[in-house]
Each structure stands twice: as structure tokens, then as C-alpha cells.
Amino acid sequence: MIFQSVNGTERPVRLCEQTRLFAAESLGHRYGLDTEKVMSVGIGSDAVFGLSDIEKYDLAIKTIAEQAPIRICEGEKLSGAATLGLGIRHLVPATCGGEPVFPSISHLTVDFESVLKLGTDGIRAKAEKAYQKYKNTNKEPFAKSCLNCLDAFETYRQRYLDALKNKPGYEANYKNLQNVPKKPAGNYYEAVQSIWFTFSFLRLCGNWPGIGRLDLLLKPYLEKDLSEGVLTLDQAREILAHFFIKGCEWIRGGDCGSGDAQHYQNIVISGVGENGADITNDVTYLILDIIEETGISDFPTTVRINKNSSEKLLRRAAEVIRFGGGVVAVYNEDLILKSLTSYGYDRNEAVKFANDGCWEVQIPGKTYFTYHPFDSLQILQKTTLDGYKRAFDSFESLYARYIKDLGDYLNGFLSDMCACFDGKDEDGNWIRKPVFPCTVIALFEQGCIEKGLSYLELGPVYNVISPHIGGLADTVDFLYAVKKLVFDDKKVTFEELLKILSDNWEGYEPLRQYALNKYDYYGNDNDEVDGICARLLSDFADICAGLDGKCGYNFPGGVSTFGRQLEWSPHRLACAHGRRAHEVLAANASPTPGTDKTGATAIIRSYCKNDLAKLPTGAALDIKLLPSSVKGEDGIGAIVSLIRGFVMLGGFFMQPDVVDVSVLRDAQKNPENYQNLSVRVSGWNARFVTLNKEWQDMVIGQNEFGCGC
Amino acid sequence: MNSDAAVKLTVTEIQRYCMHDGPGVRTVVFLKGCPLRCLWCHNPEAQDPSPQLLFYNKKCVGCGMCRKCERGVHSFDGGGHVIDRRKCTACGKCEALCPASALQISGKRMSVSDIVGLCLRDAAFYGDTGGVTLSGGEPLFQPGAVALLRELKKAGLDTVLETCGYVKPDMIKKAVPLTDTFLWDIKDTDGLRHEKYTGKPNGLIISNLRLADSYHAKIRLRFILINGVNTDIKHYKACAELYRSLSNADTPEIIPYHAYGGVKSTFLGLPDSERRDFIPTEEQIKEFKKYLFM
């Protein structure tokens, strides 16, 4: 059995053979294919006649809980499975007359802490109280729905108990499930089962929540069990490994567009806790052990690193990163805490940060989150330059107009968001117009039950829509090239350049070469171009800040593309920095492919010159390293140094990946040999062979010029 | 600016985030000029101390801008770009004109303060072990290298000097107190062969090594292994002896010949100097290791 790695190095073996086989089977799509067998449950067109949306939703959840196939894998240590295929497609897997009834929820991390500490009984008590409070008000249907969905969850648990009762080999599963998630978890094994069962039910209902700070959640339970001598670290690792293995139950195999492992189930580890103390513990290292051994990439894991993080933690992270697959990424905790507190979060809230299941920072279990991605390059090309019909007489006038257009665009978006509200109630709270029901999620988001408001209707404590600027490096490089070619070096007039770009550089190859080769663009530690980037991001953050307070949402900014550069490229015109129309360009806050000539440290320095604390949801930097540059003891040191430097210089989020383009090319040609080779896409991972050709080519293109020496 | 900071050096390249040129993450400064002419040289552009024109044929788009050269170095004969290097003074005019960067001058004059400034850019990544490595060419071939070392130390940076050892003993004396680690290349312990393949005998190299050692310099020997040249047991034994005789030796490294440098000769207008036959076998490396670490 081989768990693949990019660098070809053999992964260590710590888990027992049976667990390893289970992992291999799961990575080999067995359960993913099984999930595709039953796509959904039907709720019949007659039954729903005359029902309100929320009643229809409750019926859907009830039917799912009653009818979804139960799956018990051989030797599994944890029970529960998301067995309906439509869930993988981000839909509530219930159909009416053959059609899916409701969309589902992603980009959040739910409140597993309450599940562990209160159990669903505790949550029910809150829901009962809310029902009494909101009875005979317009919030009664939602309060009732909370109780209905808890009933459905209980039905689902009972079905598993029935299936496990007297089943030889599953005594522990049965015993654990008798207690959790109904009651608070009493030990480590119960805690892992409690989180898994809740997670699997949320997924069964089509939702894609993140996991959050798993090592913090499990810490007290493992510490207690270890000190009482009722569990060993090896046993704890085995149990947790099953969590990871079961988490790849949605691997479908085959060509799935953007890949098969993007269900936003991120884990965040290490960092400080509420009292400022380091929470790193045995669970932190067990998680790294499991990723290192199995290469399972379905739970992209981000390590919260600060200036005081231990050498041991950094080395372990580096050792795992070295295997490739980009499973382990890094948050700069110091900067993120600064960012969140200056945005207005209380320090005690800020320290809880995890992400939305992808990499955007949020307070888990308390935040409604979505993001609004847009292509900044298109605004420059189509609006500011009017499709290359408008020239400017100075760089400053061009830049000023661009910032105005950016502001207009975002204010237009704000108007759309404001239209979602019916003003404020008598207590001064914004009233969100109704959205589709999603009570299952609301149950696990603090604020919803108490306020009698659903997750999408301002129920959570924080409600955030993050404008995400995309095409950042392309816009910056474009502006810089115009500044140099037209105004500083006077190689061409503005009007001539517009004509040349309209003609897609046709007949101007030498000038195009000049633009490509003679300037150091963003990512090369060139202060002049990096200064444009820092200025643009700062202005963007100021525009975002101006959107707050106008409706029920806050609008902290971020930087991302998440692979959208592929969708955007057909609409993009030729660029002043030498690119032809429709080229697939920069990802996230990373440089335009092919422009980063100075290596990884220069990219990090360019990125860190931005005042990233002004972007509270984050800016992702992808760093590609060659296997040869991170080999041996020197290689571990090199990754550790990269991370330390990243933190010292004020980075936000970094996804280091070790990639060998020749391996990827071979995988494209011979997919059968690389079934579980994973690559970081952005915020999520995908097994390379499950990306379609277009996505594969993009990943290869972005790695072609991989830095490192 | 003090006098050291203003000293100018001829630099072929400064590479950041290097992992295999001394401890930790390092910035490597390649200085131009070398007293040796090793047949297996992997940085042939760094041999000649003066600036030279490099031509990357594959990048040339044939635009003909370079024909503005007053000395008539560049011509296009039947579509091909022809360079008359006898006329070239490496003035750099064609480099500025060439849009595709197919023409580049190897050997920029840079002040010590500019070099140190560039090295400091990556200070956040050096950690406790990394720093700056001077390489080449032979870094001590330019007397100004001492000023550079002095300024690097003043900036608090760890310094590694990658040397062939064929320099004036005085340079070694000056470099020792400014160098945290020497990476000392040993090409051959056989004096005659050394002269045959590098153009110079090895006596000075060994006596300089002894000199540096007598000052307790930290030295990591780097044995260059060339198939068919120094792959004999007598040499292996002599290397092991040399290593053991040093008072403050770091674990030595074996550097097997690789062919990457060959193609670089073509950028200088010379035939490809690649010698696949020089690549040692795994067995040879293993055997050498056996003697070295016995």
C-alpha cells in the first residue's frame, strides 16, 4: 500500500495495518462511489402541497434522517456517514417531483464546542426555551423548525444505534453513540465520535461546514484520558485517523471539474487560547502525524504560527509540508489578531478565530459568512480604460480614476446588499428579507436559536460578506507597466499602447517582449511595483470600511481568486505587462505566473509589503517549492525559515506546496498511477487526477515557474 | 559612506533563498573572475574577471534592435543572429536595447553597500543559521571581496566563503576573521593532474588550507568528483588524510560532477562544454564516501 507523495519519499508508518487499509480504500473512492448510488430522498409532490418553505424543509430533513442509507464500514471506529449523493453537489439531498428542493450551506465553521459541552440535549433545552419565547410571534415557525430538526437528528442517531446494537466488533461505537452527541462528551473517544457524528449529519443534509480548531476542542478530553491512563497516544491516533479517513467519503474519483476534495472542511491547529496561552498539545501532533502518514488532503489544515511558536511545531509542520499535496498551510496569528481587534472584535473573541472551512478568517460557530469575488483587472480594462478607448495624461490620473471605478463597483454591490433588508425593527436591528431555510445549520451557530433568526437571516452573532479582490497582481503589473512604458521610459504613448492592446499586441512583438522582460513585476521584491500593490490594497480596504453600517452585514475585505482566474480569462483583454488576451493569470495574492524570477523569499517580501492587517478575512499567498529544494535536513530548515520569515514580515496566510511539474505531467498522462496524488488548489485540495483538463493545465501553468533554487 | 561600502565588485549574479551553499537559507553572491580553468567548470561565465556578453539564442526574437551597436558586433546573416565577439567591449548598450533579454552582460559592477543591502532583504529568512555565501568564480580573486566580507559582518550576517584556495596567502589571512565557514573545494590531490585539468598546480591551495587551518578557521572541504579524472583510491585516501589533518573541520561534502554548466558555455559563444563522461557512478561516490568517513 502506497500513500503517494510528490517528493517520492516514503511516508512513515505509525497506524495499524487495518487502519491503513481503510485509508487506502477510502482514498481509492470506494465510499465516494457508494455515496453516488443514492442521490437523494424523495418527499413526494403531494405531501408538500400547501406547506410553507420552512415546513417543506423540515419534512426534507426528517425524510433524510429516516431514509438515508446507513453505512457501517468494516472496522470503522467512528459511526455516521453522509450517504446521499446530492450532498456532494452542495444541495439538500431531498427532491420533490424529481427536483432538488433547497440549496445548502458552506463557508462556515459550526459550533462543535457546544456539541461537546452541552450535547444536543443542551441545545434542545435552548431551543425549547426559544420556542416558548417566540410562540405566537412571526419567529414561531423557525423556533419550531429548530425542534423538528433536532428530532430528525435524534432519529438519525437512533437508526445508527439500532444498526449497531449487538453487531460484533462495533461495541465501542454503540457505547459511544449511546451517549453522544446527545449528551456532553465524557472522554476523548466520545468527543471524536460526537464531532464526527454531528459533522456527518450536517453533511448528510447537504452542508459543507469546516471543522475549526480540532486540537483545542479535543485537548481537555485527551489530557484527562492520558492522565487517568485509560488511553494511550497510539490509541488516540488510531481513533483520530478514522475521523480523517471517514472524511474522504466524498471522493468520487474521475473528472470532476475543480476536483473532488473541495468540501471546505478545514482544520485549524495550534495558536493561543482565550487566556493567551499556547494551546498546542498532543492532538496537534496527532493531526500532523495522520496527514504525514496517509497524505489525506480532505481536511486542509492550517497551523496558527506566532513569533513564539516552538521549533518543534515548525519542524513537524515542515516535515509534513515536504511530502507535497499542500495539505498544511500557515496563518500568522500575530497579524490576524491585530487585524481582527483593530476591525472591532473583542480580543477574547478574536483569539478564537478559525476559518470558514476554506481559509477566510472568521469566529467559528458565531459567524454568517460569504464572500463577493470580483476581477479587479476587468474593472481596469473595461471601465477605467473603457475597453481601451480612454487614455490618461498621467499615472496619477489613471490611478485616481481606477480607485473611483473600484469604489463605484463596490458601492453598487452594497446597494444590492441593502436591497436585501426591510429596514430596522423597533430595537434598531436590521430586518433581513427571507432567504431559503437552513435550520440544521442554525442549530449550531450561536445567536440563531436565541434570536429566533435563521443562519441566513442575521441569526449569528457576526454577519459578514467579504468583498474579495481578484486579479490583484495582474492589475498591479498592468498599472506598473503603463507607468513605465508610457510615462517613465516613454517607449510608447498612451494612445498607441491602447491601440496595441486592442490589437492583442499583433505586430508589436518586440515591445511585448520588452514589457515582459525589462521590468520586475509584483513578486520580485521591487519596491516600486510593490508600492503600487500596497497602495491599491490599502485603498481597497478603505473602500470596504466605508461599506460597513449601511445594512445588516459588515464588509471586511480580502484577496482571492480560488481558481476563478479560469472563469475570468475569456473576458480579459490583452495586458500592458505583455500578456495576450484570455491568458489565465495570477491566483490569489500570488504573482502573475512567469513573472516571479527572484524566488520564494522575494515573493513573500513583495506580499508582506502590503498592510495585510487591513484585510480581516485574509489574503492567500501560494508558494510553490521544488522537491529538490526542500530535500534533506537543509530542506526542513528551509521551510521553517520561510515560515518564520513570513511571520516576522507580517504575512497573513501562506499555502506552501511542494510540486514537481514533471510528476504532474506524468499524472496527466497516466492517471491510473496517481490516484491519490493531491495538489493544493486554493483553500482546498484536490486529487490531481480528479481535476478536469482545464484545471489541471492551470495548476501546471502556475507551477511551471515554481521558485526555489 | 565609508571606504569599504563604496568598493565596487564585479558580480555575475545574486541568488536568494538558496539551500545548498552552506548552513540554512542563504543569499549567494557570485563574484566574477577565477584563477583556475577547470575542465568541468559549472560557472564558466565567472572565469573571466571582466564583464562579458551572454547571448541566449532561444530568447532572441530577431528584431534587430541590437544592430544599433556602433562596433558592429551584431549582424543577421540569413536569418541567424551572428555575434562578432572580437569587437565587443561588453559596454551593455545591446543589453538595454534587446527587448527579449536575449543579450545580457554578465558581470555588473556593484558597490559593496548595494550588495549588502540586497543581502539584508532576506534577513528575516536567515534564522539562526543562514546568511550570505560568496561564490564565483573565485570570490577572493577580487581584492574588494574583503571589504564585502567586512561589511557583511558589520551588518551582523553569517558569512560563508566558497573558495578554490588558489589565492594570495594574504587574502586568506584577511578573510579568516571575517568568514564563519569556508567551503573549500578540493579538485585533486595529485599535483600534476591538478595542473593538467585546472591549469594550475595545487601546492598553493594546500598551503593556504594549512594556513587557514592554523588560524582555526571552520572549514568544510568539498571534494569535486570527476569520473576518469580523480576516481582512484589513492586520491580518496589522500582526501581522507587531508580531512583528518584539519583542526576545525566540518563534515566534508562530495560534489559529483554535473553537466548543468555545459550549456552556459554556449551563451559565451563557446562550444557546449558538457562532459557526460565526467559524471561519476553511484559506486564511485559510495566508495569515496567509504574512504572519507571510514
Side-chain angles (χ1 to χ4, degrees), chain A residues 307 311 314 485 489 491 507-520 524-527 530 578 596-606 608-609 623 625-651 707-709, chain B residues 13-30 56 58-68 81 92 94-104 117-133 135 158 160 183 220 250-251 253 258 260:
Chain A
K307 287 199 175 75
E311 188 68 16
L314 269 104
L485 289 171
D489 298 344
K491 290 278 164 195
Y508 286 87
E509 186 57 16
L511 186 66
R512 192 181 82 86
Q513 287 293 333
Y514 194 91
L516 279 178
N517 293 298
K518 292 297 189 179
Y519 302 122
D520 287 336
N524 290 290
D525 197 8
N526 168 7
D527 293 340
D530 296 343
D596 48 327
K597 297 177 283 191
T598 320
T601 53
I603 296 175
I604 292 173
R605 275 190 49 95
S606 285
C608 289
K609 286 176 204 170
I623 288 286
L625 302 168
L626 299 168
S628 59
S629 67
V630 294
K631 68 176 185 219
E633 178 59 29
D634 289 348
I636 294 171
I639 297 173
V640 169
S641 300
L642 213 57
I643 296 173
R644 288 252 192 244
F646 177 81
V647 171
M648 201 186 292
L649 294 172
C707 47
C709 52
Chain B
E13 206 183 350
I14 296 180
Q15 259 183 28
R16 295 162 68 170
Y17 196 51
C18 296
M19 261 71 71
H20 308 300
D21 304 86
V25 168
R26 311 198 72 86
T27 297
V28 183
V29 180
F30 293 90
Y56 299 94
K58 279 188 185 155
K59 289 190 182 178
C60 178
V61 290
C63 66
M65 302 272 223
C66 48
R67 278 180 301 188
K68 287 188 187 154
H81 186 158
C94 62
E95 179 187 41
L97 289 167
C98 176
S101 294
L103 295 165
Q104 293 179 28
L118 234 165
C119 294
L120 278 172
R121 288 197 161 234
D122 272 356
F125 302 98
Y126 296 151
D128 299 332
T129 51
V132 178
T133 297
S135 183
D158 180 274
V160 165
L183 300 181
R220 185 188 295 182
D250 209 1
T251 310
E253 288 173 46
H258 64 69
Y260 312 139

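Below, read A as the first sequence line, B as the second, and so on, with proteins coming before strands; counting in each chain starts at 1.
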Checklist line | Where A:S641 and B:V25 come nearest, the two heavy atoms and their spacing | finding: CB-CG2, 3.5 Å

Check: Taking it one step at a time, do A:R644 and B:D128 satisfy side chain to side chain contact (heavy atoms under 4.5 Å, CB included)?
Finding: CA-CA 11 Å; A:R644 288 252 192 244; B:D128 299 332; over 6 Å; no

Next item on the list: Evaluate the side chain to side chain contact (heavy atoms under 4.5 Å, CB included) criterion for residues A:R605 and B:D122: first the C-alpha distance (whole Å), next the side-chain angles of each, then the deciding distance (0.1 Å), finally the verdict.
Entry: CA-CA 8 Å; A:R605 275 190 49 95; B:D122 272 356; 3.8 Å; yes

Check: Taking the side chain from A:K518 and the backbone from B:S101, do they hold a donor-acceptor pair closer than 3.5 Å?
Finding: no

Next item on the list: Grab the two heavy atoms, one from A:F646 and one from B:F125, that are nearest each other, plus how far apart they are.
Entry: N-CE2, 3.9 Å

Notebook entry, point to check: For A:T598, does its backbone N or O pair with a side-chain atom of B:Y17 as donor and acceptor, under 3.5 Å?
Noted result: no

Item checked: Per-residue contact mode, A:L516 against chain B (heavy atom under 4.5 angstrom) -> neither

Notebook entry, point to check: What part of B:A96 is in contact with chain A, defined as an atom under 4.5 angstrom from a non-hydrogen atom: side chain, backbone, both or neither?
Noted result: backbone

Check: Going through the checks in order, is the side chain to side chain contact (heavy atoms under 4.5 Å, CB included) test met by B:M65 and A:Q513?
Finding: CA-CA 12 Å; B:M65 302 272 223; A:Q513 287 293 333; over 6 Å; no

Margin query: Any carboxylate oxygen within less than 4.0 angstrom of a Lys/Arg side-chain nitrogen, looking at A:D634 and B:R26?
Written below: no

Check: If you look at every heavy atom in B:P99 and A:P510, which pair is closest and at what distance?
Finding: CB-O, 3.0 Å

Checklist line | Over 12 non-hydrogen atoms of neighbours within 6.0 angstrom of NZ in B:K59 | finding: yes

Check: CE/B:M19 to CD/A:E633 distance, rounded to the nearest 0.5 angstrom?
Finding: 13.5 Å

Next item on the list: Quick one: pull up CG in A:D525 and CZ in B:R16 and give me the separation to the nearest 0.5 Å.
Entry: 4.0 Å

